[in-house]
Amino acid sequence: MFKLLLTLFAASSVVLAGPITPVAFDVYNPKITSPVAAQVWPVGSAQVVSWDLHSIPPSEYEKVGHLLLGFNENDTENLDILHPLSTGFSIGDGNVTITVPDVPTRDDYIVVLLGDSGNVSPEFSIVPAAAPTTEDETFVR
Ligand SMILES: *[C@@H]1O[C@H](CO)[C@@H](O)[C@H](O)[C@H]1NC(C)=O
Ligand SMILES: *[C@@H]1O[C@H](CO)[C@@H](O)[C@H](O)[C@H]1NC(C)=O
């Protein structure tokens, strides 16, 4: 986890130079409640990423959050810092809706919620969008 935080902060100073002022880490653990382990996300679909506000002090709710996609390979999180899934939302929102990017099929994707701290979701899958048929209408959120 320590390595992850260092990686994330190094990433922040490169990609988000300016608006982010690095400060001491507050120790809280914004547990990601969605996606859950082994969840499947079709490319192009809308998905809600949510986290447990009970684990976060209210003083943190105004903090700007960033949500990154990564995957576990070679003992690193391989976070795609250049293409955040979402930025600029408030930690206090408790969830953010994203559109699944067109990325290769894998079953070891993770999302990382970055506020003052970083928290990693369980591994989940991203799969190709289903071939469009009329039956898929009910599948679209
Ligand atoms: C993981 O390591 C292997 C062997 O060094 C390399 O071929 C592969 O590209 C690495 N994967 C990533 C995502 O960097
Ligand atoms: C997302 O958060 C909003 C409030 O910020 C809440 O009304 C809504 O129910 C949440 N949705 C999910 C799926 O958690």
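Just follow the structure's listing: the first ligand is 1, and inside any ligand the first atom is 1. Bear in mind that the values here come from a model prediction, so they are computed numbers and not experimental data.
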| For Leu85, which of Thr99, Leu68, Val112, Ile98 qualifies under side-chain contact (heavy atoms from CB on, under 4.5 Å)? | Ile98
| query | Does one hydrophobic cluster hold both Val127 and Val49, with members joined at side-chain heavy-atom distances below 4.5 Å? | reply | no
| message | Can a donor-acceptor pair be found, under 3.5 Å and without considering hydrogens, that links the side chain of Ser34 to the backbone of Ser50? | response | no
| query | What residue and heavy atom of the protein are closest to atom 9 (O) of ligand 1, and at what distance? | reply | Glu73 OE2, 4.6 Å
| field | Nearest non-hydrogen protein atom, atom 1 (C) of ligand 1 | value | Asn74 ND2, 1.5 Å
| task | Please report the shortest heavy-atom distance between Tyr109 and Pro104, naming the atom on each side. | result | OH-O, 2.5 Å
| query | Should the ring pair Phe89 and Trp51 be called parallel, tilted or perpendicular, given that the plane angle runs from 0 to 90° and is split at 30 and 60? | reply | tilted
| task | Around atom 12 (C) of ligand 2, find the nearest protein heavy atom and jot down its residue, atom name and distance. | result | Asn95 ND2, 3.3 Å
| query | Counting each atom of ligand 1 from 1 as listed, which ones have a heavy atom of Asn78 under 4.0 Å away? | reply | 13 (C)
| message | Please check whether Asp93 reaches ligand 2 - meaning an N/O of the residue sits under 3.5 Å from an N/O of the ligand, judged on distance alone. | response | yes
| said: Do Leu113 and Ile91 have side chains that approach each other closer than 4.5 Å (heavy atoms only, starting at C-beta)? | reply: yes
| task | Around atom 13 (C) of ligand 2, find the nearest protein heavy atom and jot down its residue, atom name and distance. | result | Val48 CG1, 3.8 Å
| query | Nearest protein heavy atom to atom 5 (O) of ligand 1: under 4.0 Å? | reply | no
